[in-house]
Number of protein chains: 2
Amino acid sequence: MKRITIKEVANLTGLSIATVSYVLNGKGNISEDTQKLVHEAVSQLGYVPNYSARSLVNRKSNLIGVVIPQAQPGSTLMFENPFYSEILSSIEYTARKNGYHIMISGTNADEKYLQLAQQRNLNGIIIIGMYNSDSYAGLEKINIPLVLVDSYVDNHHFHTIKINDRYGGYIATRYLIERGHRKIAFLSGALHESSVNMQRLEGYYDALREYDIPAEAKRILTGQINFESGMRLAEQLIDMPDVSAVFCTADILAIGVIKRLNSQERIVPERISVIGFDNLNIAHYCIPGLTTVGQDVYKKGEAAVNAVLNHINHPENAKEEISLPVSIIERESVRTVA
Amino acid sequence: MKRITIKEVANLTGLSIATVSYVLNGKGNISEDTQKLVHEAVSQLGYVPNYSARSLVNRKSNLIGVVIPQAQPGSTLMFENPFYSEILSSIEYTARKNGYHIMISGTNADEKYLQLAQQRNLNGIIIIGMYNSDSYAGLEKINIPLVLVDSYVDNHHFHTIKINDRYGGYIATRYLIERGHRKIAFLSGALHESSVNMQRLEGYYDALREYDIPAEAKRILTGQINFESGMRLAEQLIDMPDVSAVFCTADILAIGVIKRLNSQERIVPERISVIGFDNLNIAHYCIPGLTTVGQDVYKKGEAAVNAVLNHINHPENAKEEISLPVSIIERESVRTVA
DNA sequence: CTGAAAGCGCTTACAG
DNA sequence: CTGAAAGCGCTTACAG
């Protein structure tokens, strides 16, 4: 099956390939008649432009790369946490509306990905989540728009989209305190320096401080951000009968915690209260509905794509640093205590 | 920033670009010494091959396109149903291990996607789910490996990966019957001719027939495959106090049903039993744990990629038609009645 | 308003 | 064992 090229269109119309190319790209000054002629030939022949050839000369691919963390190095993507599929959904949608496609891959956000980006002539890169900071080494010497979502590696070379994580941690904790809780556990993934978890922990401390509640190191429990880890961390809670509320820095963690607690004698919210973070769809699905710190995951993805697009169109502009709002979403997993 | 090309590598080594290309591709008979020379120059220069140029001459992109249904035409992808992110995860992983990347897009699986596939020189296409059958029109005249996941449009032009949906419907229903249930509702998405839902309904009928239980049309309720629809369908159940068990053809539907039922007087499983289909992660997360018909979503994605890869390597082989097994996963959402 | 020609960065018969 | 050259399908100054 011979591929139909611009040459066949040129032959059929009796024009040159240059002219055909001009009308296809809406460039140059081509007469109405000629344009119509070309368009007719295109649809008659079923001509489809070859992006590989276009990319080669334009040095652009209309492809945006999205880097999603892996569950384990070299393993499957972290889709177990619905946060990633939710944000991917809005990234894909926003990109599609603007004529771009999404390439996903579970590579690390490191030098190797930089190679990939060059190989593929990516027009932009969106990196979601935190990677250890020397992963970013070399990434700034690339002149491809690069946006970091939820990362506090802040070297002004990249666009950043995040939320006010510290404030989120603060309002979550305050919400529990205002409902009479004093012994509040903090459950999260690893507390790396530049992680959102660390910020949320600071917010937790802020709230305790404001209400003169001493922070207890033993109530800070860390694992990974997934369901299983939530189950395991909940084990540790079982030996802390005085803890009346738990702040989990991710909904998926909170779901695991609730599941495990429920299988013990500690029903949520009757015996213990739980608040999450993210407001994923599952927070709404589960029973009891999960009270959580809501962020607009859809907007986050949209903002990431827009940052890429803006950079493409106005490379001279300063780096974007966008911080999206958070707010408490009340459901049934927290109760007021005396 | 000038891009480093094969030419620079040739200059530095004093070889021709042909020779450099040969060693890069491991073709031809090139001496050890020359090979080493080239590799040194490559790493010294930081040379990265340009896939656009490669694709242009090879007519292959190392890119596999994955088509995921949209929630609404022209809207975001159906990631609200975790089935899609779970299968995407295994598709990406399997592709990555084999040197391919994944391009996702929410286009319809129609002539337009065919154009896209040609534009992008896709090496394979994986279409997940059911589209109306004339969407596939023209898709067979493309000579790109194409695999259909969970579709009963069966014209032998495509590879197909599915499970035994009818049997799945049968064992789900039988499971309920064996536990004493007689008035069993069937909840699903639209019952299109070639949909998995229709097959699962047939299995439901099979089981009823086997046990001489009359099928009642009023107990067949259809909506869409999402959480909200599950909530809405559950409304209708409220006026059917005699129904003691519900078979939902998707876990996400079942989750919606349980949530709604729970907010009424009908607690699961005490007052009514629910069985799902898919065995998604959420089936394990929720309370009560969801008893469901388990399929291996990971294997499904893996099989889809392997079908593409096999086709690439052995285009002469017959179309693959793979059917994966299903089995009951017991949790807590079904109880035995007298 | 339109065309001839160079060039994007690679691969691959074909010669030698 | 290595190289000169054509060609993949497109875009874009530059002429006219």
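So that the names make sense, note that chain A is the first sequence line, chain B the second, and so on, each numbered from 1. Keep in mind the model is a prediction, meaning the values are calculated, not measured.
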Measure from [atom1] on [X] to [atom2] on [N] and round the result to the nearest Å.
X	N	atom1	atom2	result
Glu32(A)	dC1(C)	CD	C1'	13 Å
Gln118(B)	dC8(D)	CD	P	17 Å
Lys36(B)	dT2(D)	NZ	P	14 Å
Ile30(A)	dG3(C)	CD1	P	9 Å
Leu15(B)	dA4(D)	CG	C1'	14 Å

- Message: Using side-chain heavy atoms (C-beta onward) and a distance below 4.5 Å, is Asn306(A) in contact with Leu309(A)?
- Response: yes
- Given side chains that start at C-beta, do those of Lys300(B) and Asp150(B) come closer than 4.5 Å, heavy atoms only?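 Heavy-atom side-chain distance check passes, below 4.5 Å.
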- Message: Looking only at the side chain of Asn29(B) (C-beta and beyond, no hydrogens), which of the listed nucleotides dC1(D), dC1(C), dG9(D) gets closest?
- Response: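 Of dC1(D), dC1(C), dG9(D), dC1(D) is nearest to the side chain of Asn29(B).
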- Message: If the cut-off is 4.0 Å, is Ser55(A) near the phosphate of dC8(C), judged by side-chain N/O to OP1 or OP2?
- Response: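 Answer no for this pair, as no side-chain N or O of Ser55(A) is under 4.0 Å from OP1 or OP2.
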- Query: Looking only at side-chain N and O atoms, does Thr34(A) come under 4.0 Å of OP1 or OP2 in dT2(C)?
  - Reply: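 For dT2(C), OP1 or OP2 has a side-chain N or O of Thr34(A) closer than 4.0 Å.
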- Glu86(B) side chain to Ser89(B) side chain, donor-acceptor N/O pair below 3.5 angstrom: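 No - no donor-acceptor pair under 3.5 Å links their side chains.
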- Message: We want to know whether Ser52(A) and Asn121(B) form a side-chain donor-acceptor pair, criterion being a heavy-atom distance below 3.5 angstrom.
- Response: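 Per modelled atom types, Ser52(A) and Asn121(B) side chains form a pair under 3.5 Å.
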- Scan every strand shown for a Watson-Crick or G-U wobble partner of dG16(C), both distances under 3.5 Å, and answer none if you come up empty.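 The answer is dC1(D), by the H-bond criterion.
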- Task: Produce a footprint string for nucleotides 10-16 of chain C: one letter per nucleotide, 5' end first; B if the base is under 4.0 Å from any protein heavy atom, S if only the sugar-phosphate is, - if neither.
- Result: BBBBB--
- Query: Does NZ in Lys319(A) sit with more than 12 non-hydrogen atoms of other residues, nucleotides or ligands closer than 6.0 Å?
  - Reply: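 Buried by this count: over 12 neighbours within 6.0 Å.
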- Message: Show the nearest heavy-atom pair for residues Leu45(B) and Ile4(B), with the distance to one decimal.
- Response: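 Nearest heavy atoms, Leu45(B) then Ile4(B): O-CD1, 2.8 Å.
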